[in-house]
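Side-chain atoms are counted along with the backbone in the values below, which use heavy atoms only and exclude waters and symmetry mates. In this text, all values refer to a predicted model and were calculated from it rather than measured experimentally. The chain is numbered in sequence order, starting from 1.
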Amino acid sequence: MKKFNDMLDKVMRFIMAVAMFALLAGGTWQIFTRWILKDPSTVTDEFLRYVLIWAAMIGSAYCFYRDEHLCFDLFKTKAKGKAGLALAIVIEALVLAFIAYVFVYGGWNLTMKATNRSSVMQIPFRVLYSILPISGVFIVLGRIVRFVDVNLLKKG
């Protein structure tokens with residue numbers, strides 16, 4: 001489980017690093033063309049918009065994976081023992097069901113049914129929308145790995 005956990009962490013961090021580099025490079029190019037060449041790049045504007053969406057979705061999946069997301073855990077922290085474990089299982093099951101249905105299933109359907117293309121770059125919206133099921137899979141895998149690790153540590 002440790003190797004899978006490390007691999008998942010590295011893959012998400014690598015995708016985020018590539019997205020951040022693309023944002024930096026694209027933003028620098030946009031500034032250069034706007035202020036130095038006096039002819040702003042329309043491709044860069046659309047490219048940055050799409051990369052920002054991808055970076056935000058992968059970043060949110062990573063926050064879920066690392067348990068650093070914003071959550072309301074008043075009841076989760078108050079419950080102890082078997083009740084706490086049962087509540088944690090119910091919460092994780094509800095989160096996983098929501099993510100699996102909305103992000104993975106719904107995102108996959110949206111991706112497969114998208115027929116439009118972006119106005120400037122002519123990239124199919126399927127490429128943009130594909131981040132929904134991708135981030136959903138990362139969240140589901142991350143939560144499962146996290147839940148198994150935390151509960152194995154409590155037992156051991």
Side-chain angles (χ1 to χ4, degrees), residues 1-31 43-114 116 118 121 123-156:
M1 187 61 78
K2 176 80 170 128
K3 286 182 183 180
F4 182 75
N5 194 6
D6 291 341
M7 183 195 66
L8 189 64
D9 185 72
K10 286 178 184 176
V11 168
M12 282 194 281
R13 287 184 11 196
F14 177 76
I15 294 171
M16 286 188 304
V18 169
M20 290 297 126
F21 178 76
L23 285 169
L24 177 68
T28 303
W29 179 252
Q30 180 70 3
I31 292 168
V43 172
T44 311
D45 183 45
E46 191 171 274
F47 171 76
L48 289 172
R49 193 173 320 127
Y50 294 160
V51 172
L52 183 62
I53 292 168
W54 270 67
M57 294 302 292
I58 291 295
S60 67
Y62 190 71
C63 286
F64 248 93
Y65 163 71
R66 302 279 299 186
D67 250 353
E68 295 175 358
H69 59 288
L70 183 62
C71 67
F72 183 69
D73 62 353
L74 177 66
F75 300 115
K76 193 175 173 180
T77 57
K78 297 285 184 192
K80 303 288 185 214
K82 289 183 180 183
L85 181 61
L87 183 61
I89 290 171
V90 168
I91 290 170
E92 287 298 326
L94 289 173
V95 167
L96 287 176
F98 177 81
I99 295 296
Y101 184 73
V102 173
F103 279 56
V104 179
Y105 176 74
W108 180 259
N109 284 338
L110 178 66
T111 301
M112 291 298 109
K113 292 177 182 175
N116 295 352
S118 66
M121 294 171 39
I123 294 175
F125 276 173
R126 285 182 177 191
V127 174
L128 176 64
Y129 295 156
S130 66
I131 191 58
L132 287 170
I134 291 169
S135 66
V137 167
F138 278 136
I139 291 171
V140 168
L141 289 175
R143 294 311 298 169
I144 290 171
V145 166
R146 196 73 154 152
F147 187 76
V148 168
D149 279 351
V150 166
N151 287 311
L152 286 179
L153 290 176
K154 284 183 183 177
K155 288 180 183 177

**Student:** Might you point out which heavy atoms bring S135 and A61 nearest each other, and give the distance in Å?
**Tutor:** O-CB, 3.8 Å
**Student:** Applying salt bridge (Lys or Arg N to Asp or Glu O under 4.0 Å), name anything that partners R49, two or more places apart in sequence or on another chain.
**Tutor:** D45
**Student:** Does the side chain of L128 come within less than 4.5 Å of I53's, by heavy atoms?
**Tutor:** yes
**Student:** I need the minimum non-hydrogen distance between Q30 and T44, along with the two atoms involved.
**Tutor:** OE1-CB, 3.2 Å
**Student:** Between F64 and V95, does a side chain to side chain contact (heavy atoms under 4.5 Å, CB included) hold up when you go through it step by step?
**Tutor:** CA-CA 10 Å; F64 248 93; V95 167; 3.7 Å; yes
**Student:** Measure the shortest side-chain to side-chain distance between F138 and I15 over non-hydrogen atoms and say whether it is less than 4.5 angstrom.
**Tutor:** yes
**Student:** With a 4.5 Å heavy-atom cut-off, do F125 and Y50 have their side chains touching?
**Tutor:** yes
**Student:** May I have the step-by-step check of side chain to side chain contact (heavy atoms under 4.5 Å, CB included) for M57 and F103, ending in yes or no?
**Tutor:** CA-CA 10 Å; M57 294 302 292; F103 279 56; 3.3 Å; yes
**Student:** Quick one: closest heavy-atom pair of A22 and V51, and the distance?
**Tutor:** CB-CG1, 4.0 Å
**Student:** So, taking the atom named CD1 in I58 and the one named CD1 in I134, what distance separates them when rounded to the nearest 0.5 Å?
**Tutor:** 6.5 Å
**Student:** From M16 CE over to L23 CG, what is the distance, rounded to the nearest 0.5 angstrom?
**Tutor:** 12.5 Å
**Student:** Are D9 and R66 side-chain neighbours, meaning at least one heavy-atom pair lies under 4.5 Å?
**Tutor:** yes
**Student:** Any non-hydrogen side-chain atom of L8 less than 4.5 Å from a side-chain atom of M12?
**Tutor:** yes
**Student:** Do you know the tightest heavy-atom contact between R126 and A114?
**Tutor:** NE-O, 3.1 Å
**Student:** Please determine whether a side-chain nitrogen of the Lys or Arg among K2 and D6 lies less than 4.0 Å from a carboxylate oxygen of the Asp or Glu.
**Tutor:** yes
**Student:** Between I131 and W54, what is the shortest heavy-atom contact and its length?
**Tutor:** CD1-CE3, 3.3 Å
**Student:** For the pair Y105 and Y101, name the ring-plane relationship: parallel under 30°, tilted 30 to 60°, perpendicular over 60°.
**Tutor:** parallel
**Student:** Got F4 and L141 here, is their nearest side-chain heavy-atom distance under 4.5 Å?
**Tutor:** yes
**Student:** Work out which heavy atom in V137 is nearest to a heavy atom in V104; give both atom names and the distance.
**Tutor:** N-CG2, 3.7 Å
**Student:** Give, for atom CZ of R143 and atom OH of Y65, the distance between the pair rounded to the nearest 0.5 Å.
**Tutor:** 11.0 Å
**Student:** Does M121 offer a backbone N or O that forms a donor-acceptor pair with the side chain of E46 under 3.5 Å?
**Tutor:** yes
**Student:** What distance do N5 atom CG and K10 atom NZ have between them, rounded to the nearest 0.5 Å?
**Tutor:** 11.0 Å
